[in-house]
Amino acid sequence: MKTIDARGLACPAPVLLVKEAIEKEHPAVLQILVDNGAAKQNICRFLESQQFEVSAMQQGNEFQVMGTRKTGAGDASCAVEEIPGEVKKILVLAATDRMGTGDDELGRKLMVNFIKTLKEMGKEFWRLVLVNNGVKLTVSGSPVLEILQEYERSGLQILVCGTCLEHFQLLDKKQVGQTTNMLDIVTAMQVADKVIPLT
Amino acid sequence: MEFPTNADVLVGLSRADDAGVYRINAELALVQTVDFFTPVVDDPYWFGQIAAANALSDIYAMGGIPKTAMNLVCFPVKKMEMNILRAMIQGGLDKLTEAEVVLLGGHSVEDPELKYGMAVTGFIHPEKILTKNGLRPGDILILTKPLGTGIINTAIKAGLASQETTERVTRQMAALNRNAADVMAAFSIGACTDITGFGLLGHLAEMTAGINLGARLWARTIPILPEALEFAAMGLIPGGAYKNKEFRESMVSFSSSLSPLLPEVLFDPQTSGGLLMAVAPGQAEDLLQALKQNGVSGALIGEVVRNAQYPIIVE
């Protein structure tokens, strides 16, 4: 099996490496390592256009794409690790940095546990939206910062309200997530199959 | 961040647009923009033309008339020969001359990576500013240059584009949006922008953001450069197209009957792309005819609708 390490390369370099390998060495099976989603999708497309059957796996930030030359007819699928249509899209909206009212210290502890445990939703955990006090979870010193960064690395989209960051003067202190606006938040809520609000 | 402002700032940072506008008096305002980038083609003379056409485009997109320009140059003096610099500046200058814009000066710095562009100033009537924010229900959307320059440029970098395709896309990127803007001035335009780094759907998403209107695009009529879909199928898609898509795809609904490659082309970042105009529905055919008579290719690609389920629907 031919292995190509295209990590650290920007498009179109990874595709060109694969093209060259196919033309020069005519491998029946190819394994390619890349470290960004664009390169992974481009390589899948290229292999499919060259009549390869394709599968892909994700590990953290890295992807391993496998290509097998087609012998007869077969369905190429590049979407094995992507979420299939029937998986629910769950959006969690947190408007607070602590869980519930009563004791604030307890509320903060519960919040850490809550954020940690969200991963048990598996692939259905689709988006995390942070507004109002919730945006404070994204700045340095936040007890869940590392957990959130881990979620983001594994592909979860974290949307952080820009107006709220501005209000708390935290715009330049945010360490995780994409700054976003209300329209994107509302659209995401509309597209989600289920919205879990924590206020 | 807080930005200083005053009553004469007609378009500023509070509402991002193609260019800023500052009022001089009731009849005259300045429209200002700046843009520079790394080479998109190998030929320095053509790159100079493209950089100038791209910098001027933001003025045209606002409905302004560009008047003066200043060069911005980053040049690797130790690595590159001066005749490259000369050819690039000449390309920019020739494009300015074509646009009847004068070069007043500029600034250059040594940089390991070549970059070129311009700061451009133009005139505009304070009551005739075309922003991204004025879409009206029923407006018809017209696009003046075919999409796919990002994908084709990636194919050129990969050495896979034919000579003919390379020349076609180079000419297109170097073409001014001047005639399109001149023609547009006689029509009722709700909003206008030029299509650049965010791709058609990224820029359209900006236009529909924050208003209670949506856009319905007619996929079959959207002009796309020949071979762009073929190259997209081979995975020659710039990283920017995926970033644009990731950022905005929740705002867009694609009909399931469309090619799965179409989203990539509609999110493809464009270099010196065309104008996207929203014209009153009764004038759309006339505007299209007037554009053609002035040598501008254009197509009616969609309409502005009320109560859309998604900000953008592609069908």
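Every chain is numbered from 1, with letters handed out A, B, ... down the list of sequences.
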Is Phe36(B) atom CZ crowded by more than 12 heavy atoms from other residues, nucleotides or ligands, each under 6.0 Å away?
no

Let me know if Ala232(B) has heavy atoms under 4.5 Å from chain A in its side chain, its backbone, both or neither.
backbone

At their closest point, which heavy atom of Gly239(B) faces which heavy atom of Ala38(A), and how far apart are they?
CA-CB, 3.9 Å

Write down the atom of Val15(A), the atom of Gly235(B), and the distance for their closest heavy-atom approach.
CG2-O, 3.5 Å

Is there a side-chain contact between Ile237(B) and Gln41(A) (heavy atoms, below 4.5 Å)?
no

In Å and rounded to the nearest 0.5 Å, what is the CD to CG distance from Glu206(B) to Leu183(A)?
12.0 Å

For Glu264(B), is it the side chain, the backbone, both or neither that has a heavy atom under 4.5 Å from a heavy atom of chain A?
side chain

Cut-off 4.5 Å, heavy atoms of chain B, and the answer for Gln169(A) is neither

Lys243(B), Met251(B), Lys245(B), Met234(B): which one forms the most heavy-atom pairs within less than 4.5 Å of chain A?
Met234(B)

Most heavy-atom pairs under 4.5 angstrom with chain B, which of Ala188(A), Ser49(A), Ala13(A), Pro12(A)?
Pro12(A)

For Asn42(A) versus Leu236(B), what's the shortest heavy-atom pair and its separation?
OD1-N, 4.4 Å

What distance do Lys19(A) atom NZ and Leu160(B) atom CG have between them, rounded to the nearest 0.5 Å?
4.5 Å

Asp172(A) atom CG, neighbour heavy-atom count above 12 within 6.0 Å
yes

For Gln178(A) and Phe247(B), indicate whether the former's side chain and the latter's backbone hold a donor-acceptor pair under 3.5 Å.
no

4.5 Å side-chain heavy-atom contact, Met1(B) and Leu171(A)
no

Could you tell me which portion of Ala158(B) (side chain, backbone, both or neither) has an atom closer than 4.5 angstrom to a non-hydrogen atom of chain A?
both

So with a 6.0 Å cut-off around CE of Met121(A), is the heavy-atom count from everything else above 12?
yes

Taking everything shown except Phe75(B) itself, do over 12 heavy atoms lie less than 6.0 Å from its CZ?
yes

Does any part of the side chain of Arg127(A), heavy atoms only, come nearer than 4.5 Å to the side chain of Ser250(B), both counted from C-beta?
yes

Just wondering, are more than 12 heavy atoms of other shown residues or ligands nearer than 6.0 Å to CG in Asp5(A)?
yes

